[in-house]
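Dropping a structure here in C-alpha cells format, bear with me for questions.
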Amino acid sequence: MTVLKVDKVSKTYQSGSRQLTVLDDINFSVAAGQSLAIVGPSGSGKTTLLGLCAGLDHVSAGSVQLAGHKLESLNEDQRAEVRSQEIGFIFQNFQLLPTLTALENVMVPMELKGQKDAMKVARELLAKVGLEDRLTHYPSQLSGGEQQRVSIARAFANKPKILFADEPTGNLDTDTGEMIERLIFDLNRQENTTLIMVTHDLELAAKTDRIVHMRGGKLVSDSNE
Amino acid sequence: MNKAGWIFKMAFRDFKQNKAKLFLFVSSIVIGIAALVAISSFGDNLVKDIDSQAKELLGADLVLENNKPIGDQDLDSIAIDRASEVNFASMVAFPKSGESRLVQVRALEGAFPFYGKLVTAPESADELFRKGGKVALVEELLMNQYSIQVGDEVKVGDLIFEVVGALQEAPGQTGITATVAPVVYIPKSFAEETGLIQYGSRLEYMEYYKFAPEVNVETLIEPYKELWETEHIDEDTVEERKDRTGRSFANMSDFLSLVAFVALLLGCVGVASAVNVFVKEKLPSVAVLRCLGVSSRDTFLIYLTQIVAMGMLGSLAGAILGTLVQYVLPQVFGEFLPVEVTVGISWSAVGFGVLTGVLVSVLFALLPLMKIRKVPPMMTLRPSSDSLSLAQDPMRWAVLGLIAVFVLIFSWVLLGGWKEAAGFSAFVAGAFGMLWFVGTGIMWSIRRFLPLTLRYPIRQALANLYRPNNQTISLIATIGLGTAMISTLFFVQNQLLDQVRFADKEDQPNMLFFDIQTSQVTEVRKAVENEGLPIMQEVPIVTMRLEEINGVDKSENDDLSDEVRKSRGLYNREFRVTYRDSLISSESLVEGQLHTYQNDGDSILVSVDQGYADRTGIEMGDKILFNVQGRPLTTYVGSFREVNFQKVSTNFLVLFPENVLEKAPKFHVIITKTETDQQAADVQNRIVKDFPNISVINLGMIVDTLEDILGKISFVIQFMALFSILTGVLVLVSSLIISKYQRMRESILLRTLGAGSGTVSLINTLEYFFLGSLASLSGILLSFIATAMLSVFVFDFPLKWAFGHAAIIYLAITGLTVLLGWLNGRGVLNKPPMRILRSTS
C-alpha cells in the first residue's frame, strides 16, 4: 500500500526578478513500512523535498499525497492536523522545546491528539531509548546524544505512519551516531513505520530499503527502479 | 484534555522556564500602572473627603456675596446663626520692621466658620480674636516671611492691630491661595476706622448663614435667586462649593492621570520591544510546535496566555506600588488641597489600573507576538525559511489601529471631549513618531558618515548600537520622552520667570500704586517724585456696569438662543475703565480707530480689547449702555485694540475717549520705575506709611510670588515626570539584562582576539555613553520644539534657548545611562572566558 506519493512536484522561489527552481518534476512513491534515504550533494534539494513530503511547505506544481491526504488541497492548519496524526520528525539539531523537560517534550504529540495516557506512554518510550532516569531534565541539561534520543522518543510518540528524519546523526560523534541509527531502525521495525531520511552519510543510507539520489533539483536515480 | 486546557498547560510549562525573563519584560509597565493607580486612588479618596468635609470647605450653609453691603434678607430670621465679613486687598505695614505687603484683609464679625474652624497658632488665638479689641490674625506664611511674632503689631490702613496668632487654616484656604493672597483677619467693627472702605476699593461683602440641620438650603434659596441676580448678589451653598471643588480636582486628577498614562505608554513601548526579543528567541520552538502539528492559532495562544498572565502580574505589582505611592501624595499635593485627605485602598482604582495594564501590555505585546502566527514549520529544517516581515500583515495594522483607538478612548474618558482626546492622542503619536524619526535619523547618519579613521573602540561602540535585539530605538523613545517631559517643564518654567524678570528693563515701569483717591493724586505724585522716581503714567479709573447691548438687557439675553446670546459675564462684571485719546505702548489698534468726543451730542465711541470681544461676542458697532454710578451712558464700539496684559501697566478692556468721564467719581493709578529692590522697598514703605489706603504692586513681589507658585506646580509635575524617567530606567535595565549574554559573548570574543579588559570596558562604557547621549539629546531636541511651540502659540514670548539647563539634563541622563550600563556589565569582564562560555551554553 502506498503511503506517500510524489507526483510531478516542482518548487520554485522568486529571487528578485529571477525565478529559482530548486525542485524540478520529482516523481516517486513509497510503500507502507518501507525505509527510504534521500541522498545528494548540498543544494541538491533534499531538504526541500523532505519538507514538501512532510507538508511543511507548499509545492509550486504537482501533487503530494501523504497517508491518503492530498497536501496541496489542505490549508496550513489542516496540514498541521495531518502532521499531528500521521507524521513523526527527527531533526539534525534535535529541535527539542528548550522550556519543556524530556518527559514533557515526548508528551506533546500525544497531548495534541488528546491521548489520555500520554505520560505513561512517554515514560515507556523514554525507557526504550534508555532515558528513564532523565525524565525531568531540560534539553540544556542533556548531551547531544541524549537530546536526539528524546527527539526519537517524541517522533514515535504519536505512532506515526511515516517518520521523517533530516540528517539524524549529522550533529553526533560516530559512536553516538551508530547508537542513534540502531535505535531508529529498531523502533521503525517494531512500530512498522515508514521511514524517509535525508542524509549525507552513504553508510547510513545503505541501511535503508531504498535510496534516491538528487542532483540540481532533479531526482537522478532511484534504487527501486 | 480539551484544547484550551492543553494550551494553558503548554503555556504554563513554557512559563516555568521564562517567568523571570517575562516578568522583566512586563516590569516596564509597573511604574506606569503605579502612577495611574496612585493618582486614581488619590482622586477617589479626595472625592470622598470633599464629600465628607463639604461643610468645612464653605464654613457655612450659605454665603451671599456682593461688592456693596448686602441689605436685610428674609433668610436672616430663618438662620440659627449669622456672620458677616467685608474683605479687600490692601497694604498692611509691620511697624517693627517698617516693611509693608499687599494682603487680603478680612474684617469678620460673628462665629464664622460655623463648620470647621480657623486653625491658629497658638490655638487660643482664635478665641482671643473673637473677644474683640484691636487684634488680628495673620497668615502664618506672612508672619514667617516678615519675621512677625505673636504680640507684634500690624498696621491696616489708619489702625494698628496686635497680632494675636498665626492663621494656619481657614475654610477653603490652600497653600496656593495663601501664597497669592495672604490673609489678615481683623474684627469687622474696626473696618470703617481703617479708612480703607472708600470709593475705588475692591470691596467684597459676605454674609454667612447657618441653618438648622433639617433645612434644605437649595429649596430655601430658590425663590430668592432671581432677585439676587438682579442685585448682583452671588450665592454659594455647600452643594455648589462641593461640586465646584470636586470638579476642579477631578480635572486635576484627570490631567495627572494623563501624565501617568504617558509613563504607562512609555512602559508599553518597552514591553513591545522586549517581547520582540522574546519572540525572536522563541521562533525555533514555534517552528517545532508547528512541525508537531500545533495550529498557528494554538501556538499563538500559548505565548499570548503567558503575556496576559505576566501583564496581570505586572499590573498587580503596579497596583500595589501605586497604592503605597498614594500615601506620599498628600505631601506632594498639600499646597493645593482645601480638605484633609485620607489615604486608603481604592478598589475601583486598583481594578481600573489592573485592567488598563493588562489591556495595554497585551495590545503592545501583540505587535511582535503576531510574528508567531507566521512562523513556517519549514523553519525547523531551514532557519531562514520565508520572510517574517509583518509590514504586509493586515492583523498587525489592525493591532496598531486598536492601540490608537485605546489611546483615544482612554484620553476621552479623562478629558471628556473628543477634540481634546484626539489632540492628546495626536500629541502622543507625534512625540513618539518624532523620537523615532530623530533616533533613526541620528543612527542612520552615524552609520552613513562614521569615518573609518575613528579609533577602534569608538567605532565598535557605535556599531554596537546596531546589534540585533539591542532595542536602541525603543530606548531612545522611552528615555527620550521622559527627558523631554522634564526638560520642557524646566525650560517653560524658566522662560516664564525670565519673561517677568526681563520686564524690568530699559524704560519699562516696574511699580504700580493704586486705589489713589482724587484728593491724594497731587500729594502722591509729589511724594514719588521726591524719591527721585519718574511718573510714567497717571491713570484715572472709573467703575461701571453694563446694562444693555444693542438694547438687550441681562434677562432678555438669557432667553436668547446659544448662537446669538452674548456672554453672561458681560452683565455681571464691574468694568474698570479709563479715558484717553491715544494708545499706550502695551496696546495696538487692530480694527477701527480711536474716536475723540468733541461736542455734547456726539456719539461716544469706545475701544474694546479684541480678545475680550471675541470671548464675549461683542462686535464692531455694537451699542452698549453702561451704568456709571447710577447714570446711564450710551456708547458704541468704535475700535478693537490688542492689549499686552503681560506688561506692568494699567491695561483696560474698555477705553473711553476724553471729555466723557472726567466728572464721574474715580480713583487713580500711578506707575513708576525704581532702579533697585531696596529703592522699591523704601518707596513702597514710605507711601504706605503716609497713605495707608494706597496699595502697591512691584515687579519684585510678582516675581517672588510667581516663582513660589511655579515652584509648587513644577514640584507636582516633576513628581509625575519622575514616573516616566523611572519607566525609561526600567526599560533600559530590562534591555541591558536581555542583552547581557550577548554582550558577554562579544566581550569574550574581543578578549580572545587579544583585546585587553581596558579596551573592552571602554567599548562598553562608550556604547552606554552614546546610547544615553542619543536618548537625552533626542528628548532635549523634542523639548526645544515643544518649548518653542508653547512660547510662540501659547505664551506669545520671544524664544530663548536654555542651553545651560539642557546641558545639565543631558549630563544627568547620560551619566545615569552609563552608570546603569556599568552596573549591569560589572563582573562580566573579570570572569574567565571558559566559565562564561559554559554558563551561556
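Predicted, not measured: the structure shown is a model, and the values here were computed from it. Per chain, numbering begins at 1; letters A, B, ... match sequence-line order.
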Legend entry - Options A:I87, A:V198, A:T48, ranked by heavy-atom pairs under 4.5 Å with chain B, top entry: A:T48
Inset, instruction - Drop me the distance from A:E111's CD to B:L292's CG, to the nearest 0.5 angstrom. - result: 11.5 Å
Legend entry - Engaged part of A:F164 at the chain B interface, taking heavy atoms whose separation is under 4.5 Å: neither
Inset, instruction - Could you grab the distance from atom CG of A:L100 to atom NZ of B:K16, nearest 0.5 Å is fine? - result: 8.0 Å
Inset, instruction - May I ask you to test the A:R83-B:R290 pair for a side-chain heavy-atom distance under 4.5 Å? - result: yes
Legend entry - Test applied, side-chain contact (heavy atoms from CB on, under 4.5 Å); reference residue, B:R13; option that passes from A:L97, A:T101, A:V108: A:V108
Inset, instruction - Kindly give the heavy-atom pair with the smallest separation between A:F89 and B:C291, and that separation in Å. - result: CE1-O, 3.4 Å
Legend entry - Least distance between heavy atoms, B:M378 atom then A:T47 atom: CE-O, 3.7 Å
Inset, instruction - Verify the neighbour count for atom CZ of B:F8: are there more than 12 heavy atoms of other residues, nucleotides or ligands below 6.0 Å? - result: no
Legend entry - Side chain / backbone / both / neither for A:R79 at chain B, heavy atoms under 4.5 Å: neither
Inset, instruction - Please look at B:V288 and chain A and tell me whether the side chain, the backbone, both or neither of the residue comes under 4.5 angstrom of a heavy atom of that chain. - result: side chain
Legend entry - A:M110 portion near chain B, given a 4.5 angstrom heavy-atom threshold: neither
